[in-house]
Amino acid sequence: MLPNDLLEKIFSYLPVLYIARIRLVCKQWSTILSSQDFLMRYSHSSCEKWVAVFDELGLNEQRILVLYDASLDKWLRISLTFLPAEFTDAVAAAGGLLCLAGQLDGRNVMCVCNPLTKTYKVLPELNQELSVPVAVLVEGNGSTPFKVLVLSGDIVALHYSTTDYWLMFNTGLPYRPRSPVSCDGVIYGLQNMGSPWQASWRLVCSKLDQLGSGQVWSPLNRPEWGEILDILRQPRLLESNGCLFLTGGLRRSGSNDSCSTFIILKLDLKTLEWSEAARMPMKFYIHFNPGADFKIFGGRDRVYFSIKVPGRLVVCDFSDGEGSWRWVDNCPVFEYRQTDLYKGLLFHPRLDMCP
């Protein structure tokens, strides 16, 4: 029998999904792979970043979580049958945890889970309209593993994982900001200052540690930005290693709906300067119907685009420093439900996080 320190070294080279599975092999392996020392060392050395992909209707009936590992170009499946059946929609992810929502007896319910360790926590009931909530999951620290922020109309609700209640803040805004993302303790979102017929976007932000001390949402703007936010159709914010990606369809001059391609803009949050990160080549964009819906998701090093082509995504990969475009084929979401427009959440798999 090999000594524990040698086994730890061997295990440290295995992918995280293998670690989760082989813990069931024997008592010795389970003890090693469940120890906090090993999990902490492993989580800090692991660089795996996945994206969880769903169709527009939420989890499939089989309750299989579909994930894509871009570094291996491999699709993965994890069962979520350990969760109560009422949790049907994945709404946020961070720090190895996944936040899901659903309805039970006419009430909204939410939970946070670790799909790899199959552990979960049901959150306190939050009174709000019956709809899928817009939420942000924020990775915490040792004393507070996570925070959940829910945006609902003119209210922001904040839950700390160590409490059994929600803190409520009135934003004073008529509508909630769209596409919220978390970056270094600040929540960023897009607010439409225009009309249903003519959108006019502005960037807003809210510091979590200052909620309740004044205005919830503050505009983030510079005169030199001009109308940069309004050149995009269906703009989407994504976090990218301490910066922000703003992406969407690049409007044609003088048109509200017609686009020439997709563009990814990058905002340096230190200098507040915009730059163009990438633009979708025409050989990919020709597969998009200019007037049809699309979905954009991801973040960090990769931005994914979903179109109504069964089983396929387009990804822009910045892991090499420059955006390179390619197809991602054989998306198994289509196997569980015959839909062809997908949404997703960036997911960093971890075994040391417990909700």
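Given the structure is predicted, the values throughout are model-derived calculations rather than measurements.
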Residues joined to Val333 in its hydrophobic cluster, side chain to side chain under 4.5 Å directly or through other members, sorted by chain and number, are Val51, Val53, Ile64, Val66, Tyr68, Trp75, Phe297, Tyr304, Leu313, Val315, Val328, Phe334, Tyr336, Tyr342
| Is there side-chain contact between Ile78 and Trp50, with at least one heavy-atom pair below 4.5 Å? | yes
Note to self: What I'd like to find out is whether the side chain of Val122 reaches to under 4.5 Å of the side chain of Phe87, using heavy atoms alone.
What the structure shows: yes
Do the rings of Phe146 and His159 sit parallel, tilted or perpendicular, given the 30° and 60° boundaries?
tilted
*asked:* Are Leu250 and Ile231 packed together at the side-chain level, in the sense that at least one heavy-atom pair is separated by less than 4.5 angstrom?
replied: yes
Exercise for the section: Measure the shortest side-chain to side-chain distance between Arg77 and Glu335 over non-hydrogen atoms and say whether it is less than 4.5 angstrom. Expected result: yes
>> Would you say that Lys147 contacts Leu158 through its side chain, given a criterion of any heavy-atom pair below 4.5 Å between the two side chains?
In response: yes
Taken in chain and number order and not counting sequence neighbours, the residues that satisfy salt bridge (charged side-chain N to carboxylate O under 4.0 Å, His left out) with Arg178 are none
Scanning both residues in full, the closest heavy-atom pair of Phe294 with Arg233 reads CE2-NH1, 3.2 Å
Nearest heavy-atom contact between Phe54 and Gly344 is CD1-CA, 4.4 Å
Hits for salt bridge (charged side-chain N to carboxylate O under 4.0 Å, His left out) against Arg302, two or more places apart or cross-chain, chain-then-number order -> Asp317
Within a radius of less than 6.0 Å around CZ of Phe82, do more than 12 heavy atoms belonging to other residues, nucleotides or ligands occur? yes
Distance-only donor-acceptor hits, side chain of residues 235-249, under 3.5 Å, sequence neighbours excluded:
from, atom 1, to, atom 2, distance (Å)
Arg236, NE, Ser179, OG, 3.0
Arg236, NH1, Ile296, O, 2.6
Glu239, OE1, Arg300, NE, 2.8
Glu239, OE2, Asn241, N, 3.0
Glu239, OE2, Gly242, N, 2.8
Ser240, OG, Arg300, O, 3.0
Asn241, ND2, Asp301, OD1, 2.9
Thr247, OG1, Ile263, O, 2.9

Walk me through it: do Val112 and Ser161 pass the test side chain to side chain contact (heavy atoms under 4.5 Å, CB included)?
CA-CA 9 Å; Val112 172; Ser161 57; over 6 Å; no
Taken in chain and number order and not counting sequence neighbours, the residues that satisfy salt bridge (charged side-chain N to carboxylate O under 4.0 Å, His left out) with Lys295 are Glu56
All heavy atoms of Ser182 vs all of Ile187, minimum pair found to be CB-CD1, 3.7 Å
Check your understanding: Should Glu125 and Val109 count as side-chain neighbours, where that means a heavy-atom distance under 4.5 Å?
Key -> no
Residues pairing under ring pair (Phe, Tyr, Trp, His ring centres under 6.0 Å) where one sits in residues 92-112, two or more places apart or in two chains, turn out to be none
Discussion item. Looking at Lys121 and Cys354, would you say the former's side chain and the latter's main chain have a donor-acceptor pair under 3.5 Å?
Written reply: no
The reported gap from CZ in Arg63 to OG in Ser79 (rounded to nearest 0.5 angstrom) is 8.5 Å
Count I, L, V, M, F, W, Y as connected when their side-chain heavy atoms are under 4.5 Å apart, and connections chain through other members. Are Tyr188 and Val138 then in the same cluster?
no
Run the side-chain donor-acceptor check on residues 265-275: report pairs under 3.5 Å with partners two or more places apart or on a different chain.
from, atom 1, to, atom 2, distance (Å)
Asp268, OD1, Lys270, N, 2.8
Asp268, OD1, Thr271, N, 3.3
Thr271, OG1, Glu273, N, 3.4

One should read off an interatomic distance between Glu139 CD and Leu97 CG, to the nearest 0.5 angstrom, of 8.0 Å
Correct closest heavy-atom pair for Cys99 and Met110 would be SG-CE, 3.5 Å
Across all chains, not counting sequence neighbours, the side chain to side chain contact (heavy atoms under 4.5 Å, CB included) partners of Ala157 are Leu126, Val150, Trp166, Met168
Do Leu151 and Leu190 sit in one hydrophobic cluster, given that two such residues count as connected whenever their side-chain heavy atoms are within less than 4.5 Å of each other, even indirectly?
no
Is Asp164 reaching over with its side chain to a backbone N or O of Pro124, donor-acceptor style, under 3.5 angstrom? no
Do Ile228 and Trp201 belong together in a cluster built from hydrophobic side chains that touch within less than 4.5 Å? yes
(request) State plainly whether one hydrophobic cluster holds both Val181 and Val216, where clusters connect Ile, Leu, Val, Met, Phe, Trp and Tyr through side-chain heavy atoms under 4.5 angstrom apart. (result) no
Query raised in the report: Can you find a heavy atom in the side chain of Cys316 that is under 4.5 Å from one in the side chain of Met280?
Result: no
Applied to residues 78-90, the salt bridge (Lys or Arg N to Asp or Glu O under 4.0 Å) test, sequence neighbours excluded, yields none
Nearest heavy-atom approach of Thr119 to Pro355 is OG1-CD, 3.3 Å
### Aromatic ring pairing Phe305/Phe288, orientation class (parallel under 30°, perpendicular over 60°, tilted between)
perpendicular
With a 4.5 Å cut-off on side-chain heavy atoms, are Pro180 and Leu149 touching? no
OH (Tyr160) and OG1 (Thr162) are apart, to the nearest 0.5 Å, by 9.0 Å
Notebook entry, point to check: Linking I/L/V/M/F/W/Y whenever their side-chain heavy atoms sit closer than 4.5 Å, directly or via other members, would Val156 and Leu167 fall into one cluster?
Noted result: yes
Residues at least two apart in sequence or cross-chain that pass ring-ring contact (aromatic ring centres under 6.0 Å, His included) with Tyr120, listed by chain then number, are none
Smallest heavy-atom separation, Ala277 atom then Phe318 atom, equals O-CE2, 3.7 Å
Across all chains, not counting sequence neighbours, the side chain to side chain donor-acceptor pair (under 3.5 Å) partners of Ser260 are none
Evaluate the ring planes of Tyr285 and Phe262, with Trp represented by its six-membered ring, and classify them as parallel (under 30°), tilted (30 to 60°) or perpendicular (over 60°).
-> perpendicular
By salt bridge (charged side-chain N to carboxylate O under 4.0 Å, His left out), Arg279 pairs with (sequence neighbours left out) Glu276
